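What follows is a single structure, written as structure tokens, with notes after it.
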Amino acid sequence: MKSGKKSKRIIIIISIAVLLIGAAVCFCISGFPRPSLKKISTSVDNSYRNDVRNEYNANAVGGDDKLFFEAYNHFLFSGIYQIDSGITRRVYTAELSITPYVPFSPYVYRGRMVDVDNGAICSLNYLNGIFEPFLDPPMKDGEKPSSVFVTGGELYYYMDTGSGDIIYSDIYHYVDDKTIDVAASKELCGENYYPEDFCGDIMYYSLERDFSEYGYENQKSVPNDFEADFYDCGIRKLYKYNLKERKTEGCIDFSCLDKELPKKNCALFDFFVTDNKVYLFVEKLEMLEDHYPKKIIEHDAMLQDIGHASKTLIYRYDIKTDKLEKLMDIDDCSLTINGYGDKVYVNVTTESYYGEYGEIGQLKDELYAFSDDSDKPTALHAAKDADKLYIFDEEWLYYSTGANKLYRIHPDGSNNECIF
């Protein structure tokens with residue numbers, strides 16, 4: 001009798017276990033919604049910077065208080081996951097593969113992921129993973145969109161004339177399928193105008209680009225002590241243009257930087273505009289001996305071949321007062337920069353050395369938050385392998401990692417949390 005009861009108990013336990021395992025498998029396969037307990041807001045449209053500042057390789061995008069994240073091998077499944085207030089669900093499932101293809105776009109318009117495919121403005125169909133025709137703006141014969149982007153909640157695109165030439169000087173604004181207008185052009189901005197950045201309803205453009213070779217390069221060779229190919233971006237003036245009003249509202253001239261820098265060994269390679277400041281990123285070439293012990297140089301053939309060390313200097317230019325200040329310098333690093341409003345975030349990747357002769361170790365990531373009203377950056381204690389930076393609202397900085405996870409952290413360094 002006892003043996004019978006024990007057998008029944010075992011059968012019940014096994015049955016419950018099978019049901020739980022089956023439910024878990026179904027849960028993973030179907031991408032059934034699960035609670036995330038995270039409130040999501042997308043009150044800021046920073047999509048252009050989120051895309052460009054992550055080297056056109058963004059894997060997160062926001063719109064209509066939803067985030068979409070491109071994930072690989074999550075519970076063995078790859079695809080696109082939607083995260084909204086309290087709920088996470090998989091909306092597109094990629095085929096099972098070691099290297100699955102996941103269709104993705106860094107721009108959302110009217111609640112849909114949009115991109116250009118075969119000369120048409122398309123939106124992503126989550127059921128089949130195909131970008132299908134979505135909008136049909138009126139165009140002349142032979143013309144077709146070449147690329148699209150969203151800023152300030154509005155859709156803009158560049159045009160392919162059909163002759164093989166893509167026209168980057170004219171920026172078209174989509175109103176509806178019957179109406180488009182020119183948001184920016186040579187006639188509105190100047191003959192050599194070139195869009196450098198978009199944020200909300202504002203475009204920042206320059207007139208210093210050289211169109212003589214390969215279209216848009218304006219790098220200026222900088223003399224140095226190391227016979228290195230060393231170039232300055234060549235930009236010292238930015239013009240602020242209102243996309244809604246279709247007019248230039250002012251010029252930001254930070255050429256005072258040249259008085260601060262020596263005539264050789266230093267070059268401006270990047271800049272970032274906030275509400276009232278321009279952050280300037282300068283590369284400086286220096287002697288190897290000023291950075292590394294003699295033993296490291298002697299046993300590192302790559303360093304010997306390069307022949308110099310690199311340092312990044314970060315300056316800040318005040319648009320209202322015309323004052324320039326140096327904020328910090330960082331040895332031999334690569335940067336990811338993003339920002340919005342009065343905040344700039346800089347993820348710094350450096351190489352660490354260890355051992356008797358200083359063998360190169362793992363890459364080290366450090367994340368800093370700069371504020372227009374503070375002279376010192378705040379070190380954010382983020383995940384060790386922080387990679388891409390995103391801004392969807394003014395409360396959080398979002399970032400993804402090399403392990404394909406999505407985090408967010410407050411600008412003061414508090415409340416670092418994983419949301420996917």
Side-chain angles (χ1 to χ4, degrees), residues 45-64 68 70 79-80 91-92 94-95 100-189 191-198 201 203 205 209 211 213-217 241 243-244 246:
D45 183 359
N46 204 52
S47 3
Y48 183 87
R49 288 176 168 178
N50 289 346
D51 180 28
V52 174
R53 286 294 169 173
N54 289 300
E55 298 182 350
Y56 299 97
N57 195 27
N59 59 2
V61 64
D64 297 330
F68 297 93
E70 178 185 17
I80 299 173
V91 293
Y92 169 75
E95 61 181 12
Y101 167 70
V102 178
F104 195 79
S105 170
Y107 296 107
V108 168
Y109 181 66
R110 296 182 180 175
R112 301 188 183 189
M113 256 184 219
V114 293
D115 203 349
V116 169
D117 188 50
N118 292 321
I121 299 176
C122 300
S123 66
L124 180 61
N125 184 329
Y126 294 124
L127 296 178
N128 57 24
I130 296 175
F131 280 94
E132 299 175 339
F134 173 41
L135 305 175
D136 188 23
M139 285 175 281
K140 299 177 183 177
D141 291 340
E143 292 183 341
K144 54 186 179 181
S146 63
S147 62
V148 297
F149 64 94
V150 176
T151 185
E154 297 293 322
L155 181 70
Y156 299 89
Y157 62 89
Y158 293 103
M159 187 79 80
D160 184 339
T161 62
S163 62
D165 296 325
I166 297 174
I167 307 301
Y168 289 104
S169 59
D170 292 341
I171 300 175
Y172 292 85
H173 170 228
Y174 175 84
V175 179
D176 53 43
D177 281 355
K178 295 181 179 180
T179 310
I180 60 173
D181 56 3
V182 177
S185 65
K186 292 181 179 180
E187 289 73 21
L188 291 169
C189 303
E191 184 65 24
N192 291 327
Y193 106 96
Y194 181 76
E196 301 287 350
D197 190 17
F198 294 87
D201 296 324
M203 174 182 74
Y205 69 89
R209 292 283 180 178
F211 294 89
E213 294 184 8
Y214 306 106
Y216 305 99
E217 295 300 325
Y241 180 83
L243 290 165
K244 283 191 172 182
R246 308 288 196 262

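Here the structure is a predicted model, which is why all the values come from computation and not from measurement.
- Asp136 is linked by a salt bridge (charged side-chain N to carboxylate O under 4.0 Å, His left out) to nothing, counting only residues two or more places apart in sequence or in another chain.
- At a cut-off of 3.5 Å, with distance as the only test, a side-chain donor of Thr179 or Asp176 sits close to an acceptor on the other residue.
- Side-chain atoms of Val148 and Ile121, non-hydrogen and from C-beta on, do get closer than 4.5 Å to each other.
- Taking SG from Cys122 and CZ from Phe134, the interatomic distance works out to 10.0 Å, rounded to the nearest 0.5 Å.
- Here the straight-line distance linking atom CD1 of Ile171 with atom CG of Leu188 works out to 10.0 Å at 0.5 Å rounding.
- Note that CG of Leu155 and OH of Tyr109 are 5.5 Å apart. Values are rounded to the nearest 0.5 Å.
- Tyr193 places none of its side-chain heavy atoms less than 4.5 Å from the side chain of Glu191.
- In this view, Asp115 and Ser105, Phe131 satisfy the side chain to side chain contact (heavy atoms under 4.5 Å, CB included) rule, not counting sequence neighbours.
- Closest approach of Gly129 and Leu124 over heavy atoms only: C-CD1, 3.7 Å.
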Open item on the list: Checking Tyr107 against Asp51 for the side-chain hydrogen bond (donor to acceptor under 3.5 Å, both in side chains) test, could you report, in this order, the C-alpha distance in whole Å, the side-chain angles of both residues, the deciding distance, and whether it holds?
Closed with: CA-CA 8 Å; Tyr107 296 107; Asp51 180 28; 3.2 Å; yes

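- Looking at Val150 and Asp45, their side chains come closer than 4.5 Å, going by heavy atoms from C-beta outward.
- Taking each heavy atom of Val108 and Gly63 in turn, the nearest pair found is CG1-CA, 4.4 Å.
- The environment of Asn128 atom CG is dense: over 12 non-hydrogen atoms of other residues, nucleotides or ligands sit within 6.0 angstrom.
- Taking the side chain as every heavy atom from C-beta outward, Val182 and Tyr172 approach each other to under 4.5 Å.
- Across all their heavy atoms, Phe104 and Val61 have their closest contact at CZ-CG1, 3.9 Å.
- A distance of 13.5 Å separates CD1 in Ile180 from OH in Tyr156, rounded to the nearest 0.5 Å.
- Other residues, nucleotides and ligands contribute at most 12 non-hydrogen atoms within 6.0 Å of the CD atom of Glu95.
- Residues Met113 and Ile80 are in side-chain contact: their nearest non-hydrogen atoms beyond the backbone lie under 4.5 Å apart.
- Counting all heavy atoms, side chain and backbone alike, Asn50 lies closest to Asn54 at O-ND2, 2.6 Å.
- Interatomic distance, Met203 CE to Phe198 CZ, rounded to the nearest 0.5 Å: 5.5 Å.
- Contact annotation: the side chain of Val116 never approaches that of Tyr157 to less than 4.5 Å [non-hydrogen atoms, C-beta and beyond].
- For Glu154, the salt bridge (charged side-chain N to carboxylate O under 4.0 Å, His left out) test picks out no residue, with sequence neighbours left out.
- Side chains of Ser47 and Arg49 form no contact here, defined as non-hydrogen atoms less than 4.5 Å apart.
- The CG atom of Leu135 sits 7.5 Å away from the OG atom of Ser123 when rounded to the nearest 0.5 Å.
- Between Asp197 and Tyr48 there is a side-chain heavy-atom pair separated by less than 4.5 Å.
- Outside the 6.0 Å centre-distance limit, the rings of Tyr194 and Tyr205 are not counted as a close aromatic pair.
- Closest of all the heavy-atom pairs between Glu70 and Ala58 is OE1-O, 4.1 Å.
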